[in-house]
Amino acid sequence: MQPQVSALELRAKTGGAAIRKIPIARVELDAREFAAVRKVLESGRLRAGRVTQAFENEFARAAGARHAVAVNSGTSALFLAYRALLEPGDEVIVPDFTFAATAAMVVAAGCKPVFADVDPETCTLDPHEVERRLTRRTRAIAPVHLFGGPADVAALAGLAKRHGLRVVWDAAQAHGAEFGGRDVGSFPDAVCYSFYPTKNMTAGEGGMLTTSDAKLARKLRLLSSHGEASRYSHILLGYNFRLTDIAAAIGRVQLRKLPAALRRRRENARILTRGVAGLHGITTPRAGSGANHAYCLYTIVLEPKALGMNRDQFQRALLRHGVETAVHYPLPLHRQPIFRGYGSDRDFPVSTRLAECVVSLPVHPGLTRPDLERIVQAVREIVSTRK
Ligand SMILES: Cc1ncc(COP(=O)(O)O)c(C=O)c1O
């Protein structure tokens, strides 16, 4: 829920003049996307075809993977990865602090999600907690590069190897994030991306899987399109999760813009951190060792006692300065109605606390220098006047 602030309150801040609201996210489209979509529309070939294939090739190259399979959402990408790699009843260890789809698709694939707590600094899957949740039925782990900050790839990949587990990486928020100098899309077994409009790049809606395993890529491709090996010959029970060439046309342009957009996101994050780090009651985001954060989201952790206000009050105060914020995420997975019975607050102290205290500030590439200064000033003012 977004806190509400009236237009009157907003005007009061500036002595009557309306202040421009700084949005939490903004889709950046220009004539290049419009022209690419127009070309597809004029061609009359709208379904997955040559444009989607070109998008897959370009995405695989950018992510440092041998193969990429385009699908119609990040959720579909996760579902297909689990379907392709696992058998019904298998257990998959998932972080307790993530977007619901990471775990919901485990259930949809007939498997069982097992939640594990996250690291308090990076908010990503804690390898020690994974070790504690292993059972004889554990077959995979699904770490999430949350907010664009890479999980501890070295520790998690090592753990998976030692225990013979598959790894499905959720990189829905992490286009362009790196670990150990490598793009997160290059690690085995499968990496799942989303092109939802608030992500680092968009296609309207859409998703992508990357893998360097040719057999797995073929299976994913089959599953995404009716399991159809040749015309009307269905060799696997499949689905229609295909992307359209219309969406792929947007995606291709966005992929070309990604390096510049990432530079802006990282620079914006640097300015925000320089401006608010060290303020009592606020912890700024941190990439783990060896990780290069992609800042899909700039999520700070509040300490309500030190601040003298709760998260709601903090968000409302920022909105009075015209700064929109959001909460990713207000509930840990074990508290979601769909996951009742999967554990209690006592099992996941870190994710339970994070869900109460995180708040995301705008970091998108559309921010101007004055916008960033306004965000920093607003946070500093709110923190100092409360103490
Ligand atoms: C971490 C995470 N996983 C999965 C998804 C699902 O992606 P989509 O919305 O494209 O289905 C999202 C998107 O919001 C996400 O943030």
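Start at 1 with the first residue, then count along the sequence. Quick note: numbers below take in every heavy atom, side chains included, and nothing from hydrogens, waters or symmetry partners.
- Remark: His128 engages Asp126 in a side chain to side chain contact (heavy atoms under 4.5 Å, CB included) (not counting sequence neighbours).
- In plain terms, the two heavy atoms of Gly251 and Met201 that are nearest each other are O-CE, 3.5 Å.
- A side-chain donor-acceptor contact under 3.5 Å links Ser212 to the backbone of Arg66.
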Start with the C-alpha gap between His175 and Phe195, add the side-chain angles, then the distance that decides, and say whether ring-ring contact (aromatic ring centres under 6.0 Å, His included) holds. CA-CA 9 Å; His175 319 69; Phe195 300 130; 5.8 Å; yes
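- Counted by atom type alone, Ser233 and Glu228 present zero donor-acceptor pairs between their side chains at under 3.5 Å.
- With hydrogens and angles ignored, the 3.5 Å screen pairs a side-chain donor or acceptor of His293 with a backbone N or O of Tyr295.
- Take Glu121 and apply the side chain to side chain contact (heavy atoms under 4.5 Å, CB included) test, not counting sequence neighbours, and it matches Asp119, Arg286.
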Going by atom type alone, with no hydrogens or angles, which donor-acceptor pairs under 3.5 Å involve a side-chain atom of residues 43-55 and a protein atom two or more places apart or on another chain?
from, atom 1, to, atom 2, distance (Å)
Ser43, OG, Val40, O, 2.6
Ser43, OG, Arg45, N, 3.1
Thr52, OG1, Asp245, OD1, 2.5

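- Taking 4.0 Å as the cut-off between side-chain N and carboxylate O, Arg335 and Asp345 count as a salt-bridged pair.
- Val191 has its side chain out of reach of Thr211: every pair of non-hydrogen atoms, C-beta onward, lies at least 4.5 Å apart.
- Here the side chains of Thr124 and Asp152 are not in contact, with every heavy-atom distance at 4.5 Å or above.
- No side-chain donor-acceptor contact under 3.5 Å links Arg133 to the backbone of Ile93.
- In this structure, the side chains of Leu29 and Val253 stay at 4.5 Å or more apart for every pair of heavy atoms.
- Salt bridge status for Glu303 with Lys305: absent, with no side-chain N to carboxylate O gap under 4.0 Å.
- Distance alone, capped at 3.5 Å, is enough to place a donor-acceptor pair between the Asn240 side chain and the Arg242 backbone.
- Among all heavy-atom pairs drawn from Pro365 and Asn268, the shortest one is CA-ND2, 4.1 Å.
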List the steps and the verdict of side-chain contact (heavy atoms from CB on, under 4.5 Å) for Thr210 and Ser186. CA-CA 7 Å; Thr210 56; Ser186 66; over 6 Å; no
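- Under the 4.5 Å side-chain heavy-atom criterion for Ile, Leu, Val, Met, Phe, Trp and Tyr, Ile250 and Leu258 are members of distinct hydrophobic clusters.
- Residues passing the ring pair (Phe, Tyr, Trp, His ring centres under 6.0 Å) test with His364, sequence neighbours excluded: none.
- By the 4.0 Å N-to-carboxylate-O rule, Arg320 lies too far from Glu381 to be salt-bridged with it.
- Both Leu80 and Val168 belong to a single network of hydrophobic side chains, linked directly or stepwise wherever heavy atoms of I, L, V, M, F, W or Y lie under 4.5 Å apart.
- Looking at Leu361 and Leu318, their side chains come closer than 4.5 Å, going by heavy atoms from C-beta outward.
- Although no hydrogens or angles enter the test, the distance criterion places no donor-acceptor pair under 3.5 Å between the side chain of Thr284 and the main chain of Thr273.
- Ile382 and Val376 fall within the same hydrophobic cluster, defined by Ile, Leu, Val, Met, Phe, Trp and Tyr side-chain heavy atoms under 4.5 Å apart, directly or through other members.
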Could you walk me through whether Tyr342 and His334 pass the ring-ring contact (aromatic ring centres under 6.0 Å, His included) test, one step at a time? CA-CA 6 Å; Tyr342 282 75; His334 74 271; over 10 Å; no
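- Applying the side-chain hydrogen bond (donor to acceptor under 3.5 Å, both in side chains) criterion to Tyr329, with sequence neighbours excluded, gives Gln173.
- Val358 and Leu333 are not part of a single hydrophobic cluster, where members link through side-chain heavy atoms under 4.5 Å apart.
- Taking 4.5 Å as the limit, some side-chain heavy atom of Leu302 sits within range of a side-chain heavy atom of Ile282.
- Side-chain contact between Thr122 and Leu146 is absent, with no heavy atoms from C-beta onward closer than 4.5 Å.
- Atom CD of Glu42 has more than 12 neighbouring heavy atoms from other residues, nucleotides or ligands inside a 6.0 Å radius.
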Is there a side-chain contact (heavy atoms from CB on, under 4.5 Å) between Phe314 and Val359 once you walk through the steps? CA-CA 9 Å; Phe314 182 80; Val359 62; 3.9 Å; yes
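- Using a 4.5 Å cut-off on side-chain heavy atoms (C-beta onward), Val144 and Leu125 make no contact.
- Judged by distance alone, with hydrogens and angles left aside, the side-chain atoms of Ser225 form no donor-acceptor pair with the main-chain N or O of Leu222 at under 3.5 Å.
- When only modelled atom types and interatomic distance are considered, Ser360 and Thr299 share a side-chain donor-acceptor pair under 3.5 Å.
- The stretch residues 172-197 participates, sequence neighbours left out, in these salt bridge (Lys or Arg N to Asp or Glu O under 4.0 Å) pairs: Arg166-Asp189.
- Scanning for salt bridge (Lys or Arg N to Asp or Glu O under 4.0 Å) contacts around Asp347 gives an empty result, with sequence neighbours left out.
- The one candidate from Arg32, Lys199, Glu33 that meets the side chain to side chain donor-acceptor pair (under 3.5 Å) condition with Gln254 is Glu33.
- The stretch residues 201-226 participates, sequence neighbours left out, in these salt bridge (Lys or Arg N to Asp or Glu O under 4.0 Å) pairs: Glu56-Arg221.
- Judged as a ring pair (Phe, Tyr, Trp, His ring centres under 6.0 Å), and not counting sequence neighbours, the contacts of Tyr239 are Phe79, Phe241.
- Note on Arg252 versus Glu58: salt bridge recorded, some NZ/NE/NH1/NH2 to OD/OE distance being below 4.0 Å.
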Tabulate below the donor-acceptor pairs under 3.5 Å that side-chain atoms of residues 100-114 make, not counting sequence neighbours, or state none.
from, atom 1, to, atom 2, distance (Å)
Thr102, OG1, Thr98, OG1, 2.9
Thr102, OG1, Phe99, O, 3.1
Thr102, OG1, Asp170, OD2, 2.8

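- Between Arg270 and Glu267 a salt bridge is recorded (basic side-chain N to carboxylate O distance below 4.0 Å).
- Proximity of Pro349 to Asp117: side-chain heavy atoms (C-beta onward) are separated by under 4.5 Å at one or more points.
- A donor atom on one side chain and an acceptor atom on the other are found under 3.5 Å apart for Asn200 and Arg265.
- A search for ring pair (Phe, Tyr, Trp, His ring centres under 6.0 Å) contacts involving His145 returns Trp169, not counting sequence neighbours.
- The ring pair (Phe, Tyr, Trp, His ring centres under 6.0 Å) test applied to Tyr298 returns no partner, not counting sequence neighbours.
- The environment of CZ in Arg346 is sparse: at most 12 heavy-atom neighbours from other residues, nucleotides or ligands sit within 6.0 Å.
- Gln313 places a side-chain N or O within 3.5 Å of a backbone atom of Asn310 that can act as its donor or acceptor partner.
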